Amino acid sequence: MSGGSGIVTADFGKSLEQTQKLVESLRYFPKAESLGGIESLCCHPASMTHASVPKEQRDKVGITDSLVRFSIGIESVDDLIGDVRDALDRLD
């Protein structure tokens with residue numbers, strides 16, 4: 001491996017239900033609360049790590065219902081990008 005991985009946060013501007021559907025339809029980004037590993041993973045904080053925090057507080061600090069955190073692993077970048085595109089296409 002050269003370079004390194006990282007965390008990418010995206011706010012898709014979708015409803016809670018649409019964002020959960022998007023996360024569930026990803027193939028290369030299984031859901032996980034811990035984002036440390038060599039494989040790509042994703043976390044939907046509003047329904048996972050911060051689900052017990054009242055929505056008003058989450059919104060205040062930028063944890064919206066449509067926020068998703070991606071941990072980028074060693075998979076092909078083209079596969080990862082394609083996976084997110086496919087999941088977004090399935091929402092339309």
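Because the structure is a prediction, the values reported are computed rather than measured. In this chain, residues are counted from 1 in sequence order.
- The line from SG of C43 to NZ of K31 is 9.0 Å long, rounded to the nearest 0.5 Å.
- By the rule that hydrophobic residues join a cluster once side-chain heavy atoms approach within less than 4.5 Å of another member, L80 and L88 end up as members of one cluster.
- Rounding to the nearest 0.5 Å places NZ of K14 at 5.5 Å from CG of L91.
- Remark: F12 CZ to T64 OG1 distance equals 10.5 Å, nearest 0.5 Å.
- No continuous path of hydrophobic side-chain contacts links L16 to V23 [ILVMFWY only; heavy atoms under 4.5 Å].
- The cluster map of Ile, Leu, Val, Met, Phe, Trp and Tyr, joined by side-chain heavy atoms under 4.5 Å apart, puts I81 and L22 in different clusters.
- By the side-chain hydrogen bond (donor to acceptor under 3.5 Å, both in side chains) test, E75 pairs with S40, sequence neighbours left out.
- Residue P45 comes nearest to V68 through the heavy atom pair CD-CA, 4.5 Å, listed as atom of the first residue, atom of the second, then distance.
- Pairs of residues two or more places apart, or lying in two chains, never qualify as ring-ring contact (aromatic ring centres under 6.0 Å, His included) while including a residue from residues 73-92.
- Here salt bridge (charged side-chain N to carboxylate O under 4.0 Å, His left out) pairs that include residues 41-59, with residues two or more places apart or in two chains, are K55-D59, K55-D65, R58-D65.
- Applying the ring-ring contact (aromatic ring centres under 6.0 Å, His included) test to pairs two or more places apart or on separate chains, none has a residue in residues 38-68.
- Looking at residues two or more places apart in sequence or on another chain, you find a ring pair (Phe, Tyr, Trp, His ring centres under 6.0 Å) between F70 and F29.
- S34 pairs by the side-chain contact (heavy atoms from CB on, under 4.5 Å) definition with nothing, not counting sequence neighbours.
- Here the straight-line distance linking atom NZ of K21 with atom CD of E24 works out to 11.5 Å at 0.5 Å rounding.
- A distance of 7.0 Å separates OG1 in T49 from CZ in R69, rounded to the nearest 0.5 Å.
- Placement of V84 and M48 in two distinct hydrophobic clusters is found when ILVMFWY residues are connected by side-chain heavy-atom separations under 4.5 Å, directly or transitively.
- Cluster membership check: I7 does not share its hydrophobic cluster with I63, using side-chain heavy-atom separations under 4.5 Å among Ile, Leu, Val, Met, Phe, Trp and Tyr.
- For R27 (side chain) and D83 (main-chain N/O), no donor-acceptor pair under 3.5 Å exists by modelled atom type.
- Rounding to the nearest 0.5 Å gives a distance of 4.5 Å between CD of Q20 and OG of S47.
- Nearest heavy-atom pair, G13 versus S66, reported as atom, atom and distance to 0.1 Å: N-OG, 3.3 Å.
- The heavy-atom pair separating L67 from T9 by the smallest distance is CD1-CG2, 3.2 Å.
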